[in-house]
Trainee: 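Here it is, the structure in full.
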Amino acid sequence: MNIDERLENTNFPLPAIREINLSKHPSSISLGLGELKNFTVDPQIFEALSSNWNNGISYTQNAGLPALRQAIANHQKQQDGFDYNENHVVVTIGVQNAMYTSIRTLQKLGAQRVLIPSIHFGIYKKIPAEFGMEVICYPLNSDFSINLQALEEILLPDDIIIINSPSNPTGKVFSTDELSNLGELLSKKLTKGYAIADEIYSALVYEGQTAESFSKFFKRTIIANGISKSGAAAGLRVGWLITRHEKLAKAFTSNNATIISTPPTANQYAAIPIIDGQTTNTINQYNQFLKANRDKVMTMLDSLDIEYNMPRGSFYIFPKVGNKITCNIKDFCITTASKPNGVVVIPGVAFGAEEYIRISLATAEMDEALTRLKKAIEHSL
Ligand SMILES: Cc1ncc(COP(=O)(O)O)c(C=O)c1O
């Protein structure tokens, strides 16, 4: 087959989440969003953008703006005590690009297997699969914690393991004990590989302690983080990687320079106030709002006797609806999204868990959305 024939015969699917969102009727309410859309953006972010507009028009270094990298290094030092500097940091175009370039670079350095949680954000599987790497799901317990015993049985010394806390889609935030036990296991067994900790939701914790960085518990951790969620600024596309190993950061920079050249300069200025903690009040408001929405969803789920784990962070809840929605859950989601006055929720199959749906807490229309969702679930019986 030549290029034209392949193009004709291949169906290039969009991610399942996009597919559902595209089927949305204009009058439907979205509980499918992976961003804090229409949330108030902290004025300091706009101020940093506009006051640096002139500086932001040229290229930055391939690794990103030195001032931003230093701010990230300072922030990470507060998390785990290691003496980071700007050479440990690589700015990327969002965490998506950070995951892509870190996995690709590690593959070039010889990594062959990537371990991902059995319930996962879709790109964890897609990216390594695209590079022809072996992707292995490690099991989670029913409370969405990692089944350490099962993990120990499959882990090889030079594996790459992806962890995600606070989690999309489960809302699980690992406790200090859970992080410490995982760190102990990896320190013992993962002696030549790396953990990639996707901590993009680390600022969005609304119940219990704040999220701790996994690098505190395991030295061979590469942290991926960004401002898409904490800044309600997904469209600015700023993320980063940080590692204790300078040469590894250099390898990421070299590889990513081939893909993106440099991250967008002006947008990098906008990230600095978020990382420096100047937008904390705004983030606290997001967390209060998300918590109130979470409580409303839990009340609705309780009224239908649907099983769920209470989320403590990110902005999702991931109930197990398999015994309530007896038809195919993806079909249920498409139908519910596409009818007038419907509601968008994402089928769990998009995250490797067929019996679940993901409900986003990031909406100002939660009351009406839940009335619609409850009715849809009741009618599916
Ligand atoms: C767990 C997780 N990682 C990464 C991303 C991608 O983030 P970014 O917008 O920074 O590329 C998302 C976005 O939804 C996410 O939920």
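In what follows, residues are counted from 1 in the order of the sequence shown. For ligands, and for the atoms within them, numbers begin at 1 and follow the listed sequence.
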Trainee: If we only count heavy atoms from C-beta on, is the Leu290 to Arg294 side-chain gap below 4.5 Å?
Mentor: no
Trainee: For Gly226, state whether at least one heavy atom is located under 4.0 Å from any atom of ligand 1.
Mentor: no
Trainee: Could you measure the distance from the CD atom of Gln285 to the CG atom of Asp42? Nearest 0.5 Å is fine.
Mentor: 8.5 Å
Trainee: With a 4.0 Å heavy-atom cut-off (strictly under), which part of Met99 contacts ligand 1: side chain, backbone, both or neither?
Mentor: neither
Trainee: Give me the atom names and distance for the closest heavy-atom approach of Ile377 to Ser380.
Mentor: O-OG, 2.8 Å
Trainee: Identify, for atom 11 (O) of ligand 1, the protein heavy atom at the shortest distance, and state residue, atom and that distance.
Mentor: Arg237 NH2, 2.8 Å
Trainee: Tell me which protein heavy atom sits closest to atom 5 (C) of ligand 1, plus the residue, atom name and distance to 0.1 Å.
Mentor: Phe121 CE2, 3.4 Å
Trainee: Please indicate whether any nitrogen or oxygen in Asn97 is less than 3.5 Å from any nitrogen or oxygen in ligand 1.
Mentor: no
Trainee: Which heavy atom in Ala71 sits nearest to a heavy atom in Ile275, and how many Å separate them?
Mentor: O-CG2, 3.5 Å
Trainee: Counting both backbone and side chain atoms, is some N or O of Gln96 under 3.5 Å from an N or O of ligand 1?
Mentor: yes
Trainee: I want to know if ligand 1 touches Ile93 in the polar sense, i.e. an N/O pair below 3.5 angstrom.
Mentor: no
Trainee: Apply the test side chain to side chain contact (heavy atoms under 4.5 Å, CB included) to residues Leu31 and Met366: give CA-CA distance (whole Å), side-chain angles for both, the deciding distance (0.1 Å), then the verdict.
Mentor: CA-CA 8 Å; Leu31 299 181; Met366 190 54 99; 3.9 Å; yes
Trainee: Report the part of Ile200 (side chain from C-beta onward, or backbone N, CA, C, O) that has a heavy atom under 4.0 Å from ligand 1; answer both or neither where that applies.
Mentor: side chain
Trainee: To the nearest 0.1 Å, how far is atom 3 (N) of ligand 1 from its closest protein heavy atom, and which atom is that?
Mentor: Asp198 OD2, 2.6 Å
Trainee: In ligand 1, which numbered atoms sit nearer than 4.0 Å to a non-hydrogen atom of Lys229?
Mentor: 12 (C), 13 (C), 14 (O)
Trainee: Any atoms of ligand 1 less than 4.0 Å from a non-hydrogen atom of Gly94? List them with their elements.
Mentor: 10 (O), 11 (O)
Trainee: Please work out whether any backbone atom (N, CA, C, O) or any side-chain heavy atom from C-beta onward of Ser228 is under 4.0 Å from ligand 1, and answer side chain, backbone, both or neither.
Mentor: side chain
Trainee: Got a salt bridge between Glu130 and Arg104, using NZ or NE/NH1/NH2 to carboxylate O under 4.0 Å?
Mentor: no
Trainee: Among Lys374, Lys296, Arg372, find the one that has a salt bridge (charged side-chain N to carboxylate O under 4.0 Å, His left out) with Asp367.
Mentor: Lys296
Trainee: How close does the nearest protein non-hydrogen atom get to atom 10 (O) of ligand 1, and which residue and atom is it?
Mentor: Val95 N, 2.7 Å
Trainee: I'd like to check which ligand 1 atoms, numbered from 1 as shown, lie under 4.0 Å from a non-hydrogen atom of Asn168.
Mentor: 1 (C), 15 (C), 16 (O)
Trainee: Going by the atom numbers of ligand 1, which of them fall below 4.0 Å from some non-hydrogen atom of Tyr201?
Mentor: 1 (C), 14 (O), 15 (C), 16 (O)
Trainee: Which word best sums up how the rings of Phe218 and Phe214 line up, parallel for under 30°, tilted for 30 to 60°, or perpendicular for over 60°?
Mentor: tilted
Trainee: Is the charged tip of Arg220 near the ring of Tyr194: under 6.0 Å from the six-membered ring centre and within 45° of its axis?
Mentor: yes
Trainee: With backbone taken as N, CA, C and O and side chain as the heavy atoms from C-beta onward, which portion of Glu35 lies under 4.0 Å from ligand 1: side chain, backbone, both, or neither?
Mentor: neither
Trainee: So, 4.0 Å and heavy atoms of Tyr124: is ligand 1 close enough to count as a contact?
Mentor: yes
Trainee: Considering all heavy atoms of both residues, which atom of Lys24 and which atom of Val344 are nearest to each other, and what is their separation?
Mentor: CG-CG2, 3.7 Å
Trainee: Can you classify the ring geometry of Tyr356 versus Phe144 as parallel (below 30°), tilted (30 to 60°) or perpendicular (above 60°)?
Mentor: tilted
